[in-house]
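What follows is a single structure, written as structure tokens, with notes after it.
Remember, predicted model here, so these are calculated numbers, not experimental data.
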Amino acid sequence: MEEKNSTQVRMFLLLGFPALPDLHVLFSTVFLLTYILTVLENVVIVALIKTNCELYKPMYFFLGHLSFIEVWYVSVTMPKLLANFIAEDRSISFVGCTTQLFFFSSFMCTECVLLSAMAYDRYVAICQPLRYPVMMTYQMCVYLVVVSFSGFTVSLIKISFISQLNFCGPHVINHFFCDVSPVLNLACTDTSLAEMVDFVLALFILLVPLFITIVSYLLIVMTILHIPSTQSKKKAFSTCSSHLTVVTVFFSATLFMYARPKKIDPFDLNKLVSAVYTIVTPILNPFIYCLRNQEVKRALKKALCEKMSVPKVSLLSKCRDKL
């Protein structure tokens with residue numbers, strides 16, 4: 001063991017998608033366009049919420065922070081993935097790997113808690129509408145967002161245990177980014193403590209927000225079922241259907257990947273599931289929220305109308321009237 005420690009690995013290679021050597025150009029183009037679109041659409045949502053007074057509501061306050069997190073969340077993994085495809089640079093230092101792992105885990109944990117805060121917001125709006133302005137004040141919204149960023153503390157604890165391990169070979173990470181299980185698979189010292197800490201923290205940061213989300217939606221469903229009007233039922237459900245869709249996709253993938261008390265075997269299925277919540281979910285979330293939300297669509301149309309260089313004031317007024 002001492003000999004292994006003396007040759008400790010300080011550089012890793014990200015295996016990525018080795019089964020796609022003939023499709024590098026195609027996939028690099030797809031991933032590049034996906035990254036640009038993801039960043040662009042989330043930045044647009046943040047800008048809309050910040051500049052449109054009609055969206056100064058708790059629901060959109062949380063949505064703006066969710067989009068902000070998504071921009072950084074996807075930026076942790078996608079640039080390195082693009083470098084693997086375009087420049088064929090698969091190397092990553094030990095410091096770079098732990099840094100990527102820290103920020104990826106931090107933003108993922110933060111998103112878990114923030115999604116549960118959004119579920120609680122929907123619960124108050126539907127189940128206690130008269131108390132909504134009193135309960136969901138600006139101070140309360142800020143408090144919930146600050147609590148969401150406690151995910152950085154959870155991630156820091158994980159990384160502190162992983163960074164104490166020795167890595168002496170092999171140095172190939174069977175993934176397209178540095179994730180917990182692929183990194184633990186390379187350790188040449190006992191990883192039982194690091195695995196246990198990671199598992200316990202993963203259960204805590206995933207199951208507690210998930211429990212809050214499930215309870216919130218159970219109460220929402222019970223309230224909606226007691227609404228006599230069918231039209232009112234549809235209207236109430238439409239206010240939370242987008243969030244419910246995002247929650248289902250996100251928690252399904254993350255629970256599959258992290259809520260298991262063992263190192264994940266290096267199956268390609270894990271990469272596929274990882275791609276769902278690291279690439280697919282961030283690009284779909286803005287579409288899900290915008291396509292099913294009339295207020296966001298109106299704000300987007302209004303912004304487009306106001307940005308158009310139309311010389312005639314009457315045409316601009318006509319555009320606004322259609323909103």
Side-chain angles (χ1 to χ4, degrees), residues 14 16-17 24-52 55 59-87 89-90 92 96-97 99-115 117-118 145 148-149 151-152 155 175-179 242-243 245-247 249-250 253-254 271-293 295-297 299-304 306-307:
L14 293 169
F17 300 95
H24 274 197
V25 175
L26 174 62
F27 275 85
S28 61
T29 303
V30 171
F31 285 135
L32 178 60
L33 293 176
T34 300
Y35 177 59
I36 294 174
L37 181 59
T38 301
V39 173
L40 181 62
E41 61 188 11
N42 280 287
V43 168
V44 168
I45 287 183
V46 173
L48 278 177
I49 294 172
K50 288 293 184 181
T51 58
N52 196 301
L55 301 181
M59 180 173 66
Y60 301 113
F61 180 82
F62 293 126
L63 178 58
H65 282 85
L66 179 64
S67 295
F68 174 79
I69 291 172
E70 294 283 25
V71 171
W72 293 104
Y73 183 60
V74 73
S75 297
V76 172
T77 57
M78 286 295 287
K80 186 57 184 175
L81 178 61
L82 290 171
N84 292 348
F85 275 105
I86 298 174
D89 180 16
R90 301 180 182 275
I92 185 170
C97 186
T99 301
Q100 185 185 58
L101 178 56
F102 168 73
F103 282 105
F104 171 77
S105 178
S106 297
F107 285 118
M108 185 187 69
C109 294
T110 300
E111 185 165 345
C112 285
V113 182
L114 186 58
L115 287 173
M118 296 174 73
V145 170
S148 299
F149 279 90
F152 278 76
S155 181
H175 216 312
F176 60 89
F177 69 96
C178 289
D179 203 0
S242 300
H243 177 260
T245 303
V246 171
V247 165
V249 175
F250 182 82
T254 51
K271 297 180 186 179
L272 179 62
V273 176
S274 296
V276 170
Y277 63 85
T278 58
I279 301 174
V280 178
T281 302
I283 195 175
L284 287 182
N285 284 355
F287 285 108
I288 294 173
Y289 278 107
C290 291
L291 292 178
R292 307 191 68 172
N293 191 298
E295 288 181 312
V296 175
K297 287 195 290 186
L300 181 59
K301 289 178 182 179
K302 181 178 179 180
L304 291 175
E306 291 178 347
K307 293 298 181 181

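Aromatic ring pairs are classed by plane angle as parallel below 30°, tilted from 30° to 60° and perpendicular above 60°; the pair F61 and H65 is tilted. Using cut-offs of 30° and 60° on the angle between ring planes, the pair F107 and F152 is perpendicular.
Taking SG of C109 as the reference point, atom CG of L114 lies at 12.5 Å (rounded to 0.5 Å). One distance of note links CG of N84 with CZ of F176; it measures 10.5 Å at 0.5 Å rounding. Rounding to the nearest 0.5 angstrom, the gap separating the CZ atom in F250 from the CE atom in M108 is 6.0 Å. With rounding to the nearest 0.5 angstrom, the CD1 atom of I283 is 4.0 Å from the CG atom of L37.
Shown are L115, V46, T110; of these, the side-chain contact (heavy atoms from CB on, under 4.5 Å) with L66 is made only by L115. If you run side-chain hydrogen bond (donor to acceptor under 3.5 Å, both in side chains) between E70 and each of N285, T281, T38, only N285 comes through.
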Check step by step if side chain to side chain contact (heavy atoms under 4.5 Å, CB included) holds for F68 and N42.
-> CA-CA 7 Å; F68 174 79; N42 280 287; over 6 Å; no
Step by step, work out the side chain to side chain contact (heavy atoms under 4.5 Å, CB included) result for L81 and I279.
-> CA-CA 11 Å; L81 178 61; I279 301 174; 4.0 Å; yes
Verdict with reasoning, Y73 to F103, per ring pair (Phe, Tyr, Trp, His ring centres under 6.0 Å) = CA-CA 8 Å; Y73 183 60; F103 282 105; over 10 Å; no
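Contact detail for F177 and L14: the closest heavy-atom pair is C-CD2, 3.8 Å. Between T278 and P282, the shortest heavy-atom contact is O-CG, 3.6 Å. Across every non-hydrogen atom of M118 and F62, the tightest pair is CG-CB, 3.5 Å.
Checked by atom type and distance alone, the side chain of S105 never pairs as donor or acceptor with a backbone atom of L101 at under 3.5 Å.
Under the rule for a side chain to side chain contact (heavy atoms under 4.5 Å, CB included), the partners of L32 that lie at least two apart in sequence or sit in another chain are I36, L82.
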